[in-house]
Amino acid sequence: MSNFFEIGLSSVLTKAISEMGFEETTPIQERTIPLVLEGKDIIGQAQTGTGKTAAFGIPMIERMNPDRESIKALVVTPTRELAIQVAEELNRIGQFKDVRSLPIYGGQDIDRQIRSLRNRPQIIVGTPGRLMDHMRRRTIRLQQVETVVLDEADEMLSMGFVEDIENILKEVPEQRQTLLFSATMPKSILDLAQRFMQNPEYISMKTKEIIVPQIEQCYVEVQEKQKFDVLCRLLDIQSPDLAIVFGRTKRRVDELFEALSKRGYSAEGIHGDLTQARRDMVMRHFKEGLTEILVATDVAARGLDISGVTHVYNFDVPQDPESYVHRIGRTGRAGKGGQAITFVTPREIGHLRLIEQVAKRRITRKPLPTFNDVLVGQQRLTMDKILKAAEDEDILRYKEMAEELLEDNDSITLLSAALKLLTKEPSTAPIVLTEEAPLRSRQPRRFDQQQGFHRNRDNSKYPSRFPKRKF
Ligand SMILES: Nc1ncnc2c1ncn2[C@@H]1O[C@H](COP(=O)(O)OP(=O)(O)OP(=O)(O)O)[C@@H](O)[C@H]1O
Ligand SMILES: [Mg+2]
């Protein structure tokens with residue numbers, strides 16, 4: 001690691017970096033910044049939450065001529081929320097150099113975006129669909145772009161997106177710098193990536209584990225029908241600051257956040273079928289801590305950086321090991337700790353083993369919490385609250401009342417009654433969720449080099465059931 005002030009950046013950049021509170025480079029930043037500054041093509045792989053955005057953002061903006069004559073850089077992300085977040089971070093990095101980034105994504109009024117484009121941002125951060133929309137309308141011109149970044153590159157080059165990316169890259173000069181970043185980089189994607197790059201340098205962190213050690217990982221083996229009660233018990237026992245609960249489908253997310261609300265938890269849901277206004281509101285509430293539990297499909301699995309997320313619950317086993325890595329990476333960011341708990345039905349144990357192989361770590365089994373565990377946990381919380389309140393001078397106002405009560409009752413009975421009233425006993429309000437079928441075991445696949453996607457044994461495209469990723 002080195003100090004940001006010693007790596008020879010211009011003063012406008014060091015000023016911004018110090019205002020952002022960064023002092024030392026993270027390992028991926030240390031390795032990639034000099035290479036990006038030289039103009040090299042890079043494939044950068046490093047664990048979640050280790051600063052990959054700044055790893056490309058800092059050198060890209062350092063190299064950039066800040067004149068406003070054209071769009072100089074294009075960053076492509078798989079989701080709208082990530083486009084917004086990356087544009088914000090790039091705006092912070094570029095603030096004293098007058099380099100501006102604009103997020104361009106679906107669901108937002110296109111005329112408003114066209115007006116914002118007139119302010120001539122040097123960087124566009126966009127999702128593929130909306131970018132192509134603007135290309136067709138000729139409202140963005142990419143002919144002067146010098147750098148293209150695919151954030152979450154393996155996702156962007158996966159079957160659901162690769163054609164869009166190819167179309168976008170056709171508009172960008174061949175003589176450009178191409179940067180690919182992700183926490184996961186399956187070999188097949190790595191091979192495919194070469195097609196879009198010139199002598200890329202592959203920088204991967206040589207750590208054994210692809211998941212940061214600060215994330216504590218465990219699983220519970222649970223029948224589908226028990227999942228919801230187990231989730232509530234875990235939430236009661238672990239009392240997360242902020243938690244993300246991942247569900248497999250949109251319906252699942254809707255049912256789950258409504259059920260949690262019914263039981264008195266502060267929860268909201270996010271998935272791709274909601275209006276953008278609703279998605280924005282849900283994200284804002286969660287970031288501000290107004291909502292404590294975000295229930296989400298994989299739309300929230302990649303890249304999102306929300307401080308205060310202490311727990312991730314995989315209510316449904318993720319579709320593939322990469323998704324596991326990204327989902328649990330929403331906690332344990334920038335050196336902080338976090339916990340990840342995966343719910344596995346007995347028929348899905350095989351999927352867990354596959355995840356362990358990719359994660360190169362055994363995920364420990366946790367016993368199912370019982371109703372009694374929760375009660376004991378809540379009682380302890382009440383005890384702590386009472387002891388804390390006892391230190392507060394304000395309680396003098398209640399002294400006379402206490403003395404009056406004690407004239408006719410014994411202190412143990414009174415205190416027990418007060419404890420019972422203050423303890424939030426676990427709710428047993430009946431909840432029925434629609435059952436999700438367990439994940440089917442995966443067929444062996446092979447990678448079709450020419451076409452750039454996986455094929456099943458029967459030569460059909462993989463996965464035939466999911467032609468496009470839609471979260
Ligand atoms: N050098 C640094 N010092 C301190 N904090 C940093 C540094 N670099 C980045 N950060 C902060 O660390 C957090 C995670 O960064 P970022 O979102 O770029 O991670 P990432 O590697 O892209 O993760 P993911 O794989 O999940 O997308 C952010 O809040 C960012 O501001
Ligand atoms: Mg990222």
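When reading the values below, keep in mind they use all heavy atoms of this one structure, side chains included, and skip hydrogens, waters and symmetry mates. Counting starts at 1 for both ligands and their atoms, in listed order.
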Which atoms of ligand 1 are found less than 4.0 Å from any heavy atom of [X]?
X: Thr50; result: 19 (O), 20 (P), 21 (O)
X: Glu89; result: 31 (O)
X: Ala334; result: 12 (O), 13 (C)
X: Arg330; result: 26 (O)
X: Thr53; result: 16 (P), 17 (O), 18 (O), 22 (O)
X: Glu24; result: 1 (N), 2 (C), 3 (N)
X: Gln47; result: 21 (O)
X: Phe4; result: 1 (N)

Problem set entry | Polar contact flag, side-chain donor to acceptor under 3.5 angstrom, Thr53-Glu89 |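 No, because no side-chain N or O of Thr53 sits under 3.5 Å from a partner of the opposite role on Glu89.
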
Between [X] (side chain) and [Y] (backbone), is there a donor-acceptor pair under 3.5 Å?
X: Ser182; Y: Met185; answer: no
X: Asn314; Y: Asp316; answer: no
X: Gln29; Y: Gly51; answer: yes

Exercise. For Thr50, what residues pass the side-chain contact (heavy atoms from CB on, under 4.5 Å) criterion, not counting sequence neighbours?
Worked result: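 Counting only residues at least two positions away or on another chain, Thr50 forms a side-chain contact (heavy atoms from CB on, under 4.5 Å) with Ile28, Ala46, Gln47, Lys52, Val212.
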
Exercise. Quick one: does Gly49 get within less than 4.0 Å of ligand 1, heavy atoms only?
Worked result: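 Per 4.0 Å heavy-atom rule, Gly49 contacts ligand 1.
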
For this session: Return the option from Arg333, Arg302, Gln29 holding the heavy atom at the smallest distance from atom 24 (P) of ligand 1.
Result: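 That would be Arg333.
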
Checking a contact table here: which protein heavy atom is nearest [atom], and how many Å away?
atom: atom 21 (O) of ligand 1; result: Lys52 NZ, 2.8 Å
atom: atom 13 (C) of ligand 1; result: Asp305 OD1, 3.4 Å
atom: atom 31 (O) of ligand 1; result: Phe22 CZ, 3.3 Å

Exercise. Quick one: do Glu152 and Arg302 make a salt bridge, cutoff under 4.0 Å?
Worked result: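 Yes, this pair counts.
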
For this session: For residues Phe343 and Tyr219, establish whether the separation of their ring centroids is below 6.0 Å.
Result: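 That pair fails the under 6.0 Å test.
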
For this session: Decide yes or no on salt bridge (Lys or Arg N to Asp or Glu O under 4.0 Å) for Glu224 and Lys227, but give the supporting numbers first.
Result: CA-CA 5 Å; Glu224 177 69 22; Lys227 278 183 174 178; 3.3 Å; yes

Exercise. Who pairs with Glu166 by side chain to side chain donor-acceptor pair (under 3.5 Å), at least two apart in sequence or on another chain?
Worked result: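 Residues passing side chain to side chain donor-acceptor pair (under 3.5 Å) with Glu166: Arg195.
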
